[in-house]
Visitor: 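The structure that follows is given in the form of structure tokens.
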Number of protein chains: 2
Amino acid sequence: MQDQELDTEEPRRRSDGEQTHAAILDAAIRLASIEGLNSLTIGRLARELGISKSGVFAHFRSKERLQEETVDAAGEIFEREVLTPGLSAPEGLAQLEALCEAYLSYVERRVFPGGCFFAHLLAEFDAQSGPVHDQMESNQRGWLGMVAGMIETAIERGELDPATDPLQLAFELHAAMELANYLSMLHRDPSVVDRGRRAIRDALARATQGPRGSRSTSPSPGNPQSGG
Amino acid sequence: MQDQELDTEEPRRRSDGEQTHAAILDAAIRLASIEGLNSLTIGRLARELGISKSGVFAHFRSKERLQEETVDAAGEIFEREVLTPGLSAPEGLAQLEALCEAYLSYVERRVFPGGCFFAHLLAEFDAQSGPVHDQMESNQRGWLGMVAGMIETAIERGELDPATDPLQLAFELHAAMELANYLSMLHRDPSVVDRGRRAIRDALARATQGPRGSRSTSPSPGNPQSGG
DNA sequence: GTTTAGTTCGCACGGTCGTGCTATTTAATC
DNA sequence: GATTAAATAGCACGACCGTGCGAACTAAAC
């Protein structure tokens, strides 16, 4: 199957329209990442892009569709900037580390000017019912499940202590990433991301050698790298 | 000091007005905790309370003041529900644990129907400049500083490993609390808070006997106090 | 019981919102 | 180059926004 415009039945696009469509979504993503999906406004996008309100509206035919497409477009960026680099590492602990680092780097590089688009969306819609809430819920489940899955794989490969609780560790890693995002934005200080980095490194280091109590093996491969 | 209306010069309040004022703020807090401070609307509050728009407006004389007073009123609730019970425990590790538990309990009990009011505000305003952003920044600094201060005290009293980095541990505790809040709201499942509880318990347990990995080289595991 | 001043309402304003409808322009196809 | 359909502009609509103003009401102080 290659052509499946059966239910949506989109009209064919012209090149100039395609370009405008992309420009609108680009501005929408920028705006929504800073001020939230709900303060996305057709009139404001039109003003910002120097085109008419009808010009913007015609591309989506409803505000809801504009929001949906904005979230989808942001999702593609997230996939490109976080998931793809994260998953490109070899399976196991290395992949888990790569994914966390890909996320932190994506926050640090301000891929979205307002920080992680989906962290923002999580807070905006966690308490509101509706399609966005539902999509966020499945997104979160997927993300946390993926991280937990990587932890399980790392355990199976003997890279993490078998006593590790995958979902619990995934929760802790996720928590460090999200707070690093929020605080680095709040204080306009990308170096806050290093706190998250360290929290993740420590959490993984702990899980590599068991919690405590029992005599551990070597005191971790000493890495006297002059960290900044 | 008890009377300091020097600069603001508020008019004296009548009893019925006082009551309406409180009712408006109550509704505003409820609404803002779910949908965000920016979707707070004078017209909507009026509709919800069955009074006229002017009736609401007269109590604040600007939307900005309404928002400020709403945040302040939510702050008082936070103080009553989290800070006061947290600080009532004896100084040291016990107080730190009490504070974390007070927060988690406050999330669990849905003191605000949309979850932690300030976690919501953090995400809403982290990337936006303005007075709310600035107040949130100082709030966050104060909160994290307070937690770190308690950790320092606990270290001084020999209840936590002296190799512990107070700010780093504070970050990790804070991260667990925030994510517990967001996810428990997103999944409409208060039991998610237990994940945060466990993350905090584990983090504190680790800090009671010294970490295993990471770069904190000083072993000094010399306090065999049985952790609970 | 009169006076005073805080409440509350009704009304109006200019602005923005989302969304239709009708032109007009213009890229793509024949 | 004529045809076709997409892209965009212009305009209008009803709704809601924040805010001002004056009138009516009423609790509190005298």
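In what follows, every chain begins at residue 1, and chains take the letters A, B, ... in the order their sequences are listed.
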Visitor: Given atom CZ of F60(B) and atom P of dT8(C), what is their separation to the nearest angstrom?
Guide: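 That distance rounds to 11 Å.
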Visitor: Could you state the atom-to-atom distance from NE2 of H21(B) to P of dT8(C) in whole Å?
Guide: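 After rounding, the gap between these two atoms is 11 Å.
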Visitor: What is the distance from CD of Q19(B) to C1' of dA27(D), rounded to the nearest Å?
Guide: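 Interatomic distance, CD of Q19(B) to C1' of dA27(D): 13 Å.
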Visitor: Hey, does the side chain of T41(B) come within less than 4.0 Å of dG18(D)'s phosphate (OP1/OP2), counting only N and O?
Guide: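 Result: yes.
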Visitor: For dG10(C), does the base pair up with any side-chain atom of S52(B) as donor and acceptor (N or O, under 3.5 Å, distance only)?
Guide: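 Per atom types, no contact qualifies.
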Visitor: Between E97(A) and R201(A), does at least one N-O distance fall below 4.0 Å, as a salt bridge requires?
Guide: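 Between R201(A) and E97(A) there is no salt bridge, as every charged N stays at least 4.0 Å from the carboxylate O atoms.
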Visitor: If you only use heavy atoms from C-beta on, which nucleotide in dT8(C), dG10(C), dA7(D) is closest to the side chain of D16(B)?
Guide: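 Looking only at side-chain atoms, D16(B) lies closest to dT8(C).
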Visitor: How many whole angstroms separate atom NZ of K53(B) from atom P of dA15(D)?
Guide: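 For the pair K53(B) NZ and dA15(D) P, the rounded distance is 14 Å.
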Visitor: How long is the line joining CD1 of I42(B) and P of dC16(D), in whole Å?
Guide: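 Atom CD1 in I42(B) sits about 15 Å away from atom P in dC16(D).
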Visitor: Mind calculating the distance between CZ (R61(A)) and P (dA6(D)) to the nearest angstrom?
Guide: 11 Å
Visitor: Where the side chain of R14(A) is concerned, which of dT26(C), dT19(C), dG10(C) is the nearest nucleotide?
Guide: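 It is dT26(C).
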Visitor: Has S62(B) got a side-chain N or O lying under 4.0 Å from the OP1 or OP2 atom of dG18(D)?
Guide: no
Visitor: Locate the shortest heavy-atom distance separating G92(A) from A154(A); write the atom from each residue and the value.
Guide: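 Closest pair (atom of G92(A), atom of A154(A), distance): C-CB, 4.1 Å.
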Visitor: Counting only side-chain N and O atoms of H59(A), is one of them less than 4.0 Å from OP1 or OP2 of dT8(D)?
Guide: yes
Visitor: Does R13(B) make a side-chain N or O approach to OP1 or OP2 of dT7(C) shorter than 4.0 Å?
Guide: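 Answer yes for this pair, as a side-chain N or O of R13(B) is under 4.0 Å from OP1 or OP2.
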Visitor: Taking all heavy atoms of I77(B) and all of I29(B), pick out the closest pair and write down the distance.
Guide: CD1-CD1, 4.0 Å
Visitor: Nearest of dT19(C), dC17(D), dT8(C) to any side-chain atom of R47(B)?
Guide: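 So the nucleotide nearest the side chain must be dC17(D).
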Visitor: Between P166(A) and A148(A), which heavy-atom pair has the shortest distance, and what is it?
Guide: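 Reported closest heavy-atom pair: CB-O, 3.8 Å.
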Visitor: From C-beta outward on R44(A), which listed nucleotide comes closest to its side chain: dC17(C), dC21(D), dG20(C)?
Guide: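 The answer is dC17(C), which lies nearest to the side chain.
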Visitor: If you pin S54(B) and E18(A) to their nearest nucleotides in DNA chain D, which one's is more 5'?
Guide: E18(A)
Visitor: Any idea which heavy atoms bring N38(B) and E124(B) closest together, and the distance?
Guide: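 Looking at all heavy atoms of both residues, the shortest contact is N-OE2, 3.0 Å.
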Visitor: Please state whether the phosphate of dA27(C), meaning OP1 or OP2, lies under 4.0 angstrom from any side-chain nitrogen or oxygen of S15(A).
Guide: no
Visitor: Whole angstroms only, please: what is the CD1-P distance between I24(B) and dT7(C)?
Guide: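 So the two atoms are 11 Å apart, to the nearest Å.
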Visitor: Of the listed nucleotides (dC11(C), dT8(C), dG18(D)), which one gets closest to any side-chain atom of K63(B)?
Guide: dG18(D)
Visitor: Whole Å only: how far is the CG atom of N38(A) from the P atom of dC17(C)?
Guide: 14 Å
